[in-house]
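To find a chain, count down the sequence lines: A is the first, B the second, and so on, and within it residues start at 1.
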Amino acid sequence: MSIKRVPLSEVPLTKEDFVSDQIVKWCPGCGGHAILKAVEKAFPETGFRKENFTFVSGIGCSSRFPYYINTYGIHGIHGRANAIASGVKIANTGLSVWVTTGDGDSMAIGGNHFIHTIRRNIDINILLFNNQIYGLTKGQYSPTTPKGEVTRTSPHGTIEHPFNPAGLVMGSMGTFFARVLDSNVRMMTEVVEESSKHDGTAVVEILQNCIIFADKAFSYLTDKEHKDEYQINLKHGEPMLFGKDNSKGIILKENRLQIVKVGENKEDDDMILIHDQYNPDPGIHRMLGYMRPPEMPRAFGVIRAAKFDTYDYLMEEQIRSAKETSGIKCVNDLLNSGETFEVN
Amino acid sequence: MSIKRVPLSEVPLTKEDFVSDQIVKWCPGCGGHAILKAVEKAFPETGFRKENFTFVSGIGCSSRFPYYINTYGIHGIHGRANAIASGVKIANTGLSVWVTTGDGDSMAIGGNHFIHTIRRNIDINILLFNNQIYGLTKGQYSPTTPKGEVTRTSPHGTIEHPFNPAGLVMGSMGTFFARVLDSNVRMMTEVVEESSKHDGTAVVEILQNCIIFADKAFSYLTDKEHKDEYQINLKHGEPMLFGKDNSKGIILKENRLQIVKVGENKEDDDMILIHDQYNPDPGIHRMLGYMRPPEMPRAFGVIRAAKFDTYDYLMEEQIRSAKETSGIKCVNDLLNSGETFEVN
Amino acid sequence: MSKNNNVTEKESAVIKFVGDSGDGMQLTGTLFSDTAALFGNDLATFPDYPAEIRAPHNTIFGVSGFQVQIGSIKINSSGDFCDVLVAMNPASLKANLKWVKKNGIIIVDVDAFDKKALDKSGYEENPLENNSLKDYKVVEAPISTIAKESLSDLSLSAKAATRSKNMVALGITGYLFNLDINSTYKFIENKFSGKDIIVESNRRTLAAGYEFARENELFETTFFVPKADLPKGRYRNVTGNVATAWGCLAAAERSGRELFLGSYPITPATEILIEFALHKSLGAKVFQAEDEIAGICSAIGASYSGSLAVTTTSGPGFSLKSEAIGLAVITELPLVIVNVQRAGPSTGMPTKSEQSDLLQALYGRNGECPVIVISASSPANCFYYAYEACKLSMEHMTPVVLLTEGYLGNGSELFRIPDVENLPDINPPIAKPNDPEYKPYARDPVTLARKWAIPGTEGLRHRIGGLEKFNIEGNPTTDPINHELMTKLREDKVKRVENYIPDQTVTGEDSGDLLVVGWGSTYGPIHTAVKELQNEGKKVSQTHFHYIKPLPKNTGEIFRNFKKIIVCELNAGQFVKHLKIEHPEYKYLQYNKIQGLPFVVHELKEKFNEILEEK
Amino acid sequence: MSKNNNVTEKESAVIKFVGDSGDGMQLTGTLFSDTAALFGNDLATFPDYPAEIRAPHNTIFGVSGFQVQIGSIKINSSGDFCDVLVAMNPASLKANLKWVKKNGIIIVDVDAFDKKALDKSGYEENPLENNSLKDYKVVEAPISTIAKESLSDLSLSAKAATRSKNMVALGITGYLFNLDINSTYKFIENKFSGKDIIVESNRRTLAAGYEFARENELFETTFFVPKADLPKGRYRNVTGNVATAWGCLAAAERSGRELFLGSYPITPATEILIEFALHKSLGAKVFQAEDEIAGICSAIGASYSGSLAVTTTSGPGFSLKSEAIGLAVITELPLVIVNVQRAGPSTGMPTKSEQSDLLQALYGRNGECPVIVISASSPANCFYYAYEACKLSMEHMTPVVLLTEGYLGNGSELFRIPDVENLPDINPPIAKPNDPEYKPYARDPVTLARKWAIPGTEGLRHRIGGLEKFNIEGNPTTDPINHELMTKLREDKVKRVENYIPDQTVTGEDSGDLLVVGWGSTYGPIHTAVKELQNEGKKVSQTHFHYIKPLPKNTGEIFRNFKKIIVCELNAGQFVKHLKIEHPEYKYLQYNKIQGLPFVVHELKEKFNEILEEK
Ligand SMILES: Cc1ncc(C[n+]2csc(CCOP(=O)(O)OP(=O)(O)O)c2C)c(N)n1
Ligand SMILES: Cc1ncc(C[n+]2csc(CCOP(=O)(O)OP(=O)(O)O)c2C)c(N)n1
Ligand code: SF4
Ligand code: SF4
Ligand SMILES: [Mg+2]
Ligand SMILES: [Mg+2]
């Protein structure tokens with residue numbers, strides 16, 4: 001199991017320790033502002049030393065994040081945030097590494113690095129701003145844009161099935177997946193903190209409203225009329241209840257997650273699932289990740305947080321053990337190892 | 001639903017119609033030879049016109065395949081076979097397009113094109129030669145190499161969790177997934193033929209023995225002692241039975257696939273699953289794809305073959321409907337559309 | 001329409017609209033330009049916007065601008081300095097003041113000059129009040145107020161109402177230039193057809209601005225730019241990116257090949273992709289790929305399977321395509337790669353223009369890997385060079401890189417609409433079914449092009465790929481002599497294209513003291529500068545390159561007749577390196593600007609004069 | 001040990017082992033070389049194998065070869081033509097006969113010359129029987145039979161037994177050169193330690209071959225190549241790829257930075273990655289990435305977070321890294337990119353060597369994007385140039401491209417082992433905690449390098465990225481003047497490296513009729529050719545470049561003093577283009593070979609003589 005070696009701060013920190021002096025250049029009303037706020041709030045709670053936070057991003061509106069927070073940061077190139085972050089973390093395991101990326105950056109051009117980072121379980125945190133559109137380039141469809149949507153590059157509607165980020169995370173054997181709404185700053189703050197504590201690649205999908213090019217993409221979830229029915233907030237150890245006054249519950253029956261009305265039927269009530277985010281078996285987490293209205297509510301909160309060895313830990317272990325066992329302690333040893341001969 | 005527009009051959013074809021005059025340069029004993037044989041056998045069965053088969057590959061031992069079969073073919077660059085094949089098919093929907101690729105080619109460098117092709121459900125066939133090693137570059141670990149394996153680049157054992165190709169296919173909402181052993185030419189031939197008939201991206205994972213760099217990687221499945229217990233051959237519409245004399249069956253209980261002994265318990269016997277490869281819900285297909293010894297047998301045959309619209313079909317549909325409705329019929333119309341004015 | 005009878009006729013005028021990135025300056029500028037174009041002015045435009053989508057209000061970096069030059073004479077660029085600046089807030093005034101001609105007119109929305117806005121823009125005092133603008137004719141109009149008032153009885157939010165203030169500004173400017181506001185209405189109606197409330201609010205505010213200017217006799221004199229003396233024909237206003245897409249579509253039609261576009265969005269090339277996507281009715285297949293590599297690789301696949309294949313991008317995406325261009329070169333497939341250059345390196349300044357990918361186009365791949373490289377020099381001629389790129393690529397069976405620039409792609413100018421039937425023929429060397437002579441790498445003895453054998457064709461099954469292969473037969477081989485032969489054949493095939501391109505021409509005398517060499521978007525400013533010096537009697541000529549590799553055959557002959565040669569580029573000197581390699585027998589002076597901005601005429605003239613004076 | 005007393009002393013000799021790709025020729029050649037090296041011969045080797053892993057038996061394209069030149073004199077290359085060819089089958093004889101010196105010795109496994117093998121190799125008649133080899137001394141040995149017989153009492157499969165036949169060949173050749181077979185045993189023991197049966201079978205067959213040659217007096221005379229007169233010190237045989245890895249490890253140790261390698265396997269660069277992976281005990285972090293882009297991007301991340309970051313690749317992978325190199329340039333981070341060049345374009349001929357990525361190294365990125373480019377010229381000096389690449393990269397805070405070639409990477413030569421303590425110091429400009437002066441893009445006034453501020457350090461939180469940024473402060477900006485300044489600063493920073501590299505040197509007189517210019521792996525053949533001409537009294541000198549960008553400051557001075565300059569390259573002329581750009585004042589002749597093969601001395605001499613004779 002990986003040991004977190006991010007050093008702790010000697011003094012208590014506050015939000016202000018992370019507020020940057022740079023002008024935030026996102027559009028007024030962009031979901032990014034709330035995310036920034038949540039992160040600024042969560043970071044003091046982690047207890048980590050402020051110099052040990054490092055942000056990495058690709059290109060996109062979301063990828064401007066590193067400029068807006070007072071930490072170390074590198075604004076990379078499009079799609080490569082996770083690859084860069086992998087290097088940052090492996091090389092310097094004492095850092096708490098955060099990736100901010102978009103649905104284009106990590107699901108389109110950066111899809112490969114995304115799944116490989118997850119597969120390796122490198123101990124970084126990925127804040128995936130999923131606004132279902134390419135924001136910075138002004139409104140082309142992305143791999144998460146719903147099929148049929150009209151965008152600047154799909155004047156007749158897209159013909160592509162979108163990715164569900166949860167599907168890719170689970171399909172790559174991910175150990176941590178959470179989903180939050182940009183409008184729920186409280187939950188975002190909690191989830192960001194939980195993510196920071198997870199050993200391994202933590203993916204936080206943030207449904208982020210792009211007010212300019214995909215406004216109201218998530219209003220089907222957040223509208224007054226649907227809110228209660230279409231959202232379930234998962235909490236580890238608690239029953240999966242939702243709806244007005246928690247009147248509904250989720251059970252597993254016939255290999256499908258199904259909704260029951262609470263109190264209608266004792267047998268059903270007993271079957272209501274208790275959320276176990278630490279379950280190593282991804283079976284139910286996967287189903288929770290896929291749930292989608294109108295049949296089922298969309299799941300929010302930490303869906304999966306399983307414990308597996310991290311790549312960076314295993315690498316350090318291999319190096320440690322090689323150092324212990326190998327006779328080659330320095331480069332002079334290396335150069336003189338094997339077959340050599342002396343000329344006098 | 002996509003309409004296959006691959007024209008049929010006017011004369012019956014035989015294996016010989018596809019045998020190439022090129023020397024096959026794989027190592028003696030390489031699993032590739034059997035795969036080639038299976039394809040040569042299957043193609044006449046498809047009924048397609050021989051000029052309409054087109055092979056596309058990346059780089060790797062597996063990617064030499066196009067040279068060894070007498071069809072149209074393009075040997076591309078490393079990792080890009082699926083992207084090239086997407087273009088081949090979209091541009092020329094009358095072709096039956098086949099990708100031969102390796103675990104490095106499609107899971108490492110080409111992982112992104114792999115998942116996007118699947119997501120879009122482009123009507124191509126992907127023969128994934130999974131030998132769990134980089135063959136052509138002489139034995140480095142690949143994204144499917146089992147954790148801990150010693151290879152030329154992992155002298156102390158790999159520290160990476162491997163991908164399960166089924167996981168990526170399902171995680172990308174794949175419509176067709178099959179798994180076969182290179183040693184089972186009969187099944188390979190059948191599966192290749194079934195793949196050719198599927199509308200959409202058909203992924204056939206072939207467990208291929210690399211006799212030089214990862215010899216016996218699959219012997220845990222094929223050894224005499226394990227063969228019966230560790231393999232189950234799925235057939236659509238048939239019960240999931242395996243083991244010596246089909247003495248075991250698979251049931252779904254407590255959200256897990258489990259093994260029962262046939263005939264021991266009537267209730268269990270009744271629960272033995274009937275394989276439904278066409279089920280649009282990927283739930284059970286996913287579980288089947290993940291099954292793995294020693295707990296469960298590895299699943300072989302067509303695991304999933306669901307019907308969804310293909311990208312290439314939807315694109316042709318959009319073009320057809322635009323042609324019907326738009327006033328712009330030729331480029332002169334286009335140039336003269338909108339605001340123009342005459343100077344005399 | 002003008003109430004004020006005092007009208008000054010002008011040969012040309014430069015107008016620039018500037019404001020916040022949400023202020024609609026791009027639409028305003030476009031409507032102004034279209035109206036002038038429809039009237040019959042020649043024109044060239046350049047939009048200049050920040051990378052941020054809606055940058056914070058009233059900040060300098062959030063300023064979005066649109067410049068247009070209209071004229072009764074031939075207009076070659078969007079102009080250096082403006083006659084009229086329309087500034088919607090203090091920040092935009094601050095950022096653009098240096099571009100206003102002395103005594104030029106500055107129209108400001110005086111409502112926007114409040115304390116908060118002034119502070120954010122970094123003005124310590126209100127420039128409207130401290131006499132700092134005394135060298136200009138400042139026209140203060142309460143633009144926001146006019147907008148609000150004219151819409152008061154429409155059920156619009158306050159926000160929507162202020163959003164229409166750009167139309168007030170357009171109305172005022174339209175009045176100033178005696179434009180036919182009725183045609184502007186029509187443009188608005190077309191653009192927002194179906195959205196009646198938007199049409200109505202825009203119409204009203206436009207009228208209100210116009211009336212305000214008229215009623216208040218806002219200007220001492222209004223301007224009138226007469227119709228340009230254009231060659232007969234039908235015209236339209238077109239951006240370089242749109243023209244590029246159209247040129248490819250025309251080539252597809254004329255060659256009888258379906259068009260396939262494999263592309264990934266990137267500023268400033270995205271509009272080409274968008275334009276293709278709009279025209280499904282012409283049968284173009286547009287594949288928005290997951291990245292640039294899939295964009296080009298899908299195009300290579302489409303080319304193999306018989307389509308005219310195109311991929312469009314800008315700098316960083318062009319870098320990503322490097323490896324796959326190599327595949328297209330060695331497979332000898334047609335492929336058009338459009339690079340709308342932007343300021344680099346790396347992400348650089350994505351919304352700014354530069355000419356710094358030329359050497360990458362020539363050399364940015366592993367191995368000896370020649371491609372044809374051509375470039376466009378104006379928004380409208382993007383059409384012709386895109387067509388030419390497609391033609392050369394298919395007829396010579398080799399990839400072609402077409403270099404344009406952000407400045408060309410986003411900029412617009414008048415385009416005389418050709419009849420597609422009159423464009424040159426395109427005859428791709430398609431192999432015939434069952435051709436007994438067919439071999440994958442058998443070549444046309446004159447062009448050295450191999451044949452295009454399309455999957456599905458009877459009797460031509462064959463395989464190609466990225467490995468070196470035997471000439472003629474096409475099977476992979478590492479034979480040493482064959483590799484040398486193939487390397488030379490690939491180079492020679494590109495070289496022989498020089499026999500199929502027009503001779504290089506000179507503007508001005510064929511000999512003289514100074515030859516000014518340029519390529520790409522710099523044609524306009526260089527042309528103006530050279531013409532002005534010629535008018536002053538200086539022995540200066542211009543030669544502007546569109547064909548970069550191969551260079552026109554007569555290049556050396558042209559260079560020979562000038563005492564000095566200067567190569568002007570918007571980079572650190574890339575074409576000049578190419579010339580040093582290809583024509584080492586000449587000496588080249590350089591003028592380079594690496595600011596993400598076009599040349600201005602006076603800096604060029606100054607430089608040329610300096611050189612002419614040096615003995 | 002020799003039974004035959006007739007021993008001929010030779011200054012040097014070239015031996016080549018050839019056979020099927022499964023025949024173990026690489027191991028045989030390596031053992032031969034190591035044995036000679038241990039004895040004290042100078043040497044250079046070159047393995048030459050097909051892309052196929054185990055190509056079908058007895059085919060020409062399946063031939064694998066290993067050539068070594070040993071000498072008592074300084075050996076600069078693996079030699080042109082061989083004194084001794086050991087051919088394990090007809091195909092390998094057929095493919096290599098043209099490389100055997102007249103009267104050279106050819107040792108064949110006569111057992112392998114059966115009808116089937118002859119047919120597959122394309123021989124119509126058995127060359128051993130038709131007098132076609134009369135110009136050579138052919139030694140027919142029943143090598144397979146000897147192997148089988150000597151192992152008959154070991155419980156080995158027939159296949160395993162025949163696999164040992166290469167050791168019989170080695171035994172024979174060892175006898176021919178009077179090598180100390182006991183040290184060969186030791187190598188075998190080390191290599192296969194733990195696998196007793198393999199050690200035993202190899203030992204036995206080796207001895208059997210040796211004895212067979214001795215008993216049968218196979219050779220009229222045996223050869224003896226005396227110890228070379230090497231400078232004092234400890235030596236070993238090393239390949240260029242291993243030396244490259246070691247050079248980087250040494251630089252990590254001396255700079256106090258951890259080494260991070262982000263790489264993806266590719267022929268012929270994979271061995272560098274493999275070598276790093278072997279030495280975890282030195283703390284190197286080796287990340288086998290999912291592709292080349294992740295390889296370089298992870299390295300950039302590691303560099304940002306404070307490691308000496310390296311990425312290794314070959315042509316196609318280098319193309320894929322183009323975009324990310326731009327990021328390293330604009331973020332001004334240290335990064336070493338090793339490109340072990342192979343024959344292109346595209347996949348090309350992956351196992352063959354070429355020098356055709358030089359222009360890509362210089363220009364293969366979008367925008368104005370300068371990097372330092374250096375190259376190695378021998379397997380052993382890969383160590384020093386790798387070290388130098390790391391040093392320059394860290395001290396000047398800029399990416400460095402190190403160009404080697406397949407020929408260097410796979411080839412080996414004697415390496416005098418240095419003491420790491422004696423290598424030059426490396427002082428990266430690391431920012432100090434809480435440095436009040438720290439600004440991300442504040443620069444050293446002399447080198448122009450910015451500071452390296454490592455995450456985790458107190459008081460230095462800052463952000464960098466791919467957008468253009470203000471000099472000193474480092475915040476993103478599109479300010480025009482700043483962009484021009486930064487572009488020039490990045491170029492100038494690289495240019496100033498000329499003050500930190502050694503002067504270019506000349507072999508021979510400082511002036512004369514002809515200066516032969518080369519770079520990279522061609523040093524050996526050029527050197528030999530030039531020396532031979534000098535010995536003939538010709539006024540020819542050599543200058544060989546290791547520093548490509550920037551060029552050494554005295555380059556022009558050197559060129560000035562020669563009547564003619566010829567640039568010799570294994571490409572179509574890339575360095576010569578660079579020289580035309582950098583030193584347009586000179587005329588350059590060219591000699592180019594694009595065959596995936598090194599120069600041979602006689603072709604160079606012929607060319608040089610031709611030029612010398614032209615007046
Ligand atoms: C190599 C490369 N290709 C394309 C681009 C253009 N580009 C910049 S951001 C972007 C997509 C942005 O979408 P997303 O990642 O979802 O971020 P958002 O702006 O929506 O937050 C694209 C296509 C680029 N900068 N670099
Ligand atoms: C861009 C690029 N990177 C790396 C390589 C080197 N390379 C060729 S094949 C290969 C991996 C082969 O593995 P796999 O795809 O599993 O195919 P196999 O040989 O095992 O069939 C690699 C790394 C290459 N040719 N091109
Ligand atoms: S374009 Fe969309 S995602 Fe980008 S800053 Fe504006 S609102 Fe946010
Ligand atoms: S190396 Fe392995 S995969 Fe490649 S041809 Fe040989 S046996 Fe087959
Ligand atoms: Mg997005
Ligand atoms: Mg493999």
Side-chain angles (χ1 to χ4, degrees), chain B residues 7 20 22 49-57 59 66-67 70-80 82-92 94-95 97 112-113 115-116 315-316 318-319 321-332 334-336 338-344, chain C residues 34 37-38 40 187 190 230-237 246 249-250 253 258 260 262 279-283 285 287 289-291 293-294 297-307 309 323-324 326-327 331 417-420 454-467 475-476:
Chain B
S20 128
Q22 294 293 299
R49 201 164 154 272
K50 64 175 186 262
E51 284 82 5
N52 288 62
F53 287 98
T54 302
F55 270 85
V56 181
S57 66
I59 301 287
Y67 294 117
N70 189 5
T71 65
Y72 283 92
I74 176 164
H75 178 217
I77 44 179
H78 194 34
R80 316 304 171 191
N82 292 305
I84 296 170
S86 295
V88 169
K89 178 68 186 183
I90 295 167
N92 197 335
L95 301 177
V97 178
N112 206 29
H113 312 306
I115 60 179
H116 279 272
M315 176 170 287
E316 296 227 317
Q318 272 196 346
I319 290 175
S321 107
K323 281 190 170 164
E324 274 175 29
T325 55
S326 166
I328 295 176
K329 305 289 184 200
C330 66
V331 178
N332 272 338
L334 173 62
L335 301 185
N336 289 284
E339 304 302 335
T340 66
F341 63 96
E342 196 77 48
V343 171
N344 295 311
Chain C
D34 285 350
L38 194 60
F187 292 130
N190 287 348
L230 298 167
K232 247 178 93 155
R234 182 162 285 280
Y235 285 80
R236 63 182 307 141
N237 189 15
W246 292 357
L249 288 167
E253 191 169 295
E258 246 181 25
F260 178 96
H279 301 298
K280 293 227 162 52
S281 72
L282 295 175
K285 288 180 171 166
F287 179 64
E290 57 271 26
D291 65 8
I293 298 176
C297 285
S298 62
I300 290 172
S303 175
Y304 179 69
S305 78
S307 287
E323 190 202 7
L327 179 63
T331 52
I417 301 170
D419 184 338
V420 171
I454 293 161
T457 312
E458 205 173 298
L460 302 180
R461 289 181 293 170
H462 70 283
R463 288 135 302 271
I464 60 174
L467 290 168
N475 296 324

By side-chain contact (heavy atoms from CB on, under 4.5 Å), Thr457(C) pairs with (sequence neighbours left out) Tyr72(B), Pro433(C), Ile454(C), Leu460(C)

Applying side-chain contact (heavy atoms from CB on, under 4.5 Å) to Ala324(C) and not counting sequence neighbours gives Ile77(B), Ile296(C), Cys297(C), Ile300(C)

Between [options], which has the largest tally of heavy atom pairs under 4.5 Å with chain B?
options: Ala309(C), Ala37(C), Pro231(C), Gly459(C); answer: Ala37(C)
options: Asp34(C), Leu38(C), Leu230(C); answer: Leu38(C)
options: Ala250(C), Gly326(C), Gly233(C), Ala289(C); answer: Gly233(C)
options: Thr331(C), Asn237(C), Asn475(C); answer: Asn475(C)
options: Gly465(C), Gly466(C), Ser298(C); answer: Ser298(C)
options: Glu258(C), Lys285(C), Lys232(C), Arg234(C); answer: Arg234(C)

So how far is it from [X] [atom1] to [Y] [atom2], rounded to the nearest 0.5 Å?
X: Thr325(B); Y: Lys280(C); atom1: OG1; atom2: NZ; value: 11.5 Å
X: Ser20(B); Y: Arg461(C); atom1: OG; atom2: CZ; value: 10.0 Å
X: Leu327(C); Y: His78(B); atom1: CG; atom2: NE2; value: 14.0 Å
X: Ile74(B); Y: Tyr304(C); atom1: CD1; atom2: OH; value: 6.5 Å

### Task
Take Glu458(C) and Lys50(B) through the salt bridge (Lys or Arg N to Asp or Glu O under 4.0 Å) test and state the conclusion after the steps.
CA-CA 9 Å; Glu458(C) 205 173 298; Lys50(B) 64 175 186 262; over 6 Å; no

Test your reading of the model: is there a side-chain donor-acceptor pair from [X] to the backbone of [Y], 3.5 Å cut-off?
X: Ser281(C); Y: Ile328(B); result: yes
X: Arg80(B); Y: Ala294(C); result: no
X: Glu290(C); Y: His116(B); result: no

Heavy-atom pairs under 4.5 Å with chain C are the metric here; pick the option from [options] that has the most.
options: Val97(B), Thr54(B), Asn52(B), Asn70(B); value: Asn70(B)
options: His75(B), Glu316(B), Glu324(B), Glu51(B); value: Glu51(B)
options: Gly76(B), Pro7(B), Ala85(B); value: Gly76(B)
options: Asn92(B), Asn344(B), Val56(B), Leu334(B); value: Leu334(B)
options: Ile319(B), Asn82(B), Ile115(B); value: Ile319(B)

Report which part of [X] has an atom under 4.5 Å of a heavy atom belonging to chain B: side chain, backbone, both, or neither.
X: Asn190(C); value: side chain
X: His279(C); value: side chain
X: Pro418(C); value: both
X: Glu323(C); value: both

Might you point out which heavy atoms bring [X] and [Y] nearest each other, and give the distance in Å?
X: Ile293(C); Y: His113(B); answer: CG2-NE2, 4.1 Å
X: Tyr67(B); Y: Arg463(C); answer: CA-CD, 3.7 Å
X: Gly87(B); Y: Phe260(C); answer: CA-CZ, 4.1 Å
X: Ile417(C); Y: Thr340(B); answer: CD1-CG2, 3.7 Å
X: Asn332(B); Y: Val420(C); answer: OD1-N, 2.9 Å

Test log, rule side chain to side chain contact (heavy atoms under 4.5 Å, CB included), inputs Leu95(B) and Ser305(C): CA-CA 9 Å; Leu95(B) 301 177; Ser305(C) 78; 4.0 Å; yes

